[in-house]
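The structure appears right after this line, and notes come after that.
In each ligand, atom 1 is the first atom listed, and ligand 1 is the first ligand listed.
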Amino acid sequence: MSTLPVVGVIGAGIMGTQIAQVIATAGCEIRLFDATPSQLAIAMDTIENGRFGLRRAVDRGKLTPDEVRATMGRIRPVATLAEAVSEAGLTVEAVPEDLDLKCRVFRDMDEHAPPRAILTSNSAGLPITALAYATRRPSQVVGWHWAQPCAVMRMAEIVRAPSTSDETIALVSELAKRCNKNPIVVKDQPEQWGYVANRINAAVRRESRRVVDEGICTEEEVDQLMKDCFRWPMGPFELWGGRTLK
Ligand SMILES: NC(=O)c1ccc[n+]([C@@H]2O[C@H](COP(=O)([O-])OP(=O)(O)OC[C@H]3O[C@@H](n4cnc5c(N)ncnc54)[C@H](O)[C@@H]3O)[C@@H](O)[C@H]2O)c1
């Protein structure tokens, strides 16, 4: 990547805030937009002072105070989606998990972003193929699924629709590596919600609940078996919170 792209982040909730922080820390200029304007001040405060924010990174010796100032200076909250994407080389959509809403956002990003810009979605499981064909640039649309806390978790699940070009995959993978993530490219499978990480996660959750509900063993026994048999650091009930596990 010869020059770092300007990145437009759409949706400054839990994920958009953290993604903006990580990509800005990697050196990109960010334009951050949310449909609820008051959310932008909350996002900026979370980036600076939140539990996984930049000041905590100073406390842990990961960043210097100068790097925090420079990173904050690279993030600009903006009032419209058009402003967020008009100079972008790459955009990140992080609005709620609703296909109609995401398609509308992709249409708007397509209308206002430069023709060469890549459009990414942090959807947890919706069809990237549908988002790609909401635009006139389906070869430049790709899923980039993050895990939170984004500053800590290394996952970069790069979801390739049949229309996504090799060049798009290469550029997004390169930026993900620059953000200190491990990009793994998986195929979009529009018939099924979830890509790979969430499908496997869902299967483990389902089966863990089932063996307990069938009276085969207790939650604590499931946890102990998984640690002893597969060296999992935690069992599923410890990880996902006991009785709420479905
Ligand atoms: N929360 C997680 O752990 C997690 C993990 C991986 C992926 N995801 C995915 O990330 C996406 C965002 O999730 P989240 O947890 O950050 O949700 P969230 O509700 O915290 O944030 C969504 C933000 O989008 C804003 N928004 C709504 N419509 C908008 C629009 N048209 N334009 C601009 N902003 C708009 C909302 O005001 C809100 O601030 C979802 O697709 C979700 O499935 C979430």
- How far is atom 20 (O) of ligand 1 from its nearest protein heavy atom, and which residue and atom is that? Ile14 N, 2.9 Å
- Would you check whether Asn122 has a nitrogen or oxygen atom less than 3.5 angstrom from a nitrogen or oxygen atom of ligand 1? yes
- Item | Option of least heavy-atom distance to atom 30 (C) of ligand 1 (set: Ala94, Gly11, Ala35, Ala124) | Ala35
- Message: Check this for me - ligand 1, Gln148, N or O atoms closer than 3.5 angstrom, yes or no?
- Response: yes
- Item | Donor + acceptor pair across side chains of Thr71, Arg74 (<3.5 Å) | yes
- Message: Checking a contact table here: which protein heavy atom is nearest atom 28 (N) of ligand 1, and how many Å away?
- Response: Leu101 CD2, 3.9 Å
- Polar proximity ligand 1 side, Val105 side, N/O cut 3.5 Å exclusive: no
- Nearest non-hydrogen contact to atom 24 (O) of ligand 1 from the set Cys150, Pro149, Gly13, Pro96 belongs to Pro96
- May I ask you to decide if Phe52's main-chain N or O and Gln21's side chain share a donor-acceptor pair within less than 3.5 Å? yes
- Item | Donor-acceptor pair, side chain of Arg137 and main chain of Ile118, under 3.5 angstrom | no
- Look at atom 38 (C) of ligand 1 and say which protein heavy atom is nearest, naming residue and atom and giving the distance to 0.1 Å. Asp34 OD2, 3.4 Å
- Message: Distance under 4.0 Å to a non-hydrogen atom of Lys102: what atoms of ligand 1 satisfy this?
- Response: 40 (C), 41 (O)
- Task: Could you tell me whether a side-chain N or O of Thr120 sits under 3.5 Å from a main-chain N or O of Val142, the two making a donor and an acceptor?
- Result: no
- Message: For the 3.5 Å polar cut-off, considering only N or O atoms, please tell me whether His145 and ligand 1 meet it.
- Response: no
- Less than 4.0 Å between a side-chain N and a carboxylate O, is that true for Arg209 and Glu214? no
- Query: Backbone N or O of Ala124 within a donor-acceptor pair of the Asn198 side chain at under 3.5 Å?
  - Reply: yes
- Arg210 and Asp213 ion-paired at < 4.0 Å: no
- Task: Please answer: with hydrophobic residues joined when any side-chain heavy atoms are less than 4.5 Å apart, are Leu119 and Tyr133 in the same cluster?
- Result: no
- Protein contact to atom 6 (C) of ligand 1 [nearest heavy atom, distance to 0.1 Å]: Trp146 O, 3.2 Å
- Message: Heavy atoms only, cut-off 4.0 Å: how does Glu97 contact ligand 1, side chain, backbone, both, or neither?
- Response: both
- Query: How far is atom 11 (C) of ligand 1 from its nearest protein heavy atom, and which residue and atom is that?
  - Reply: Val95 O, 3.3 Å
- Message: Can you name the atoms of ligand 1, numbered from 1 with element, that are less than 4.0 Å from a heavy atom of Phe33?
- Response: 32 (N), 33 (C)
- Item | Proximity to ligand 1 by part of Met15, non-hydrogen separation under 4.0 Å | both
- Which ligand 1 atoms, with their elements, are less than 4.0 angstrom from a heavy-atom of Gln39? 39 (O)
- Message: Does the plane of the ring in Trp146 sit parallel, tilted or perpendicular to the ring in Trp144? Use 30° and 60° as the thresholds.
- Response: parallel
- At a non-hydrogen distance cut-off of under 4.0 Å, which region of Arg104 contacts ligand 1 (side chain, backbone, both, or neither)? neither
- Query: Does Thr135 reach the main-chain N or O of Ala132 with its side chain, forming a donor-acceptor pair under 3.5 Å?
  - Reply: yes
- Answer with side chain, backbone, both or neither: which part of Leu126 has a heavy atom less than 4.0 angstrom from an atom of ligand 1? neither
- Greater than 12 external heavy atoms within 6.0 Å of Lys227's NZ: yes
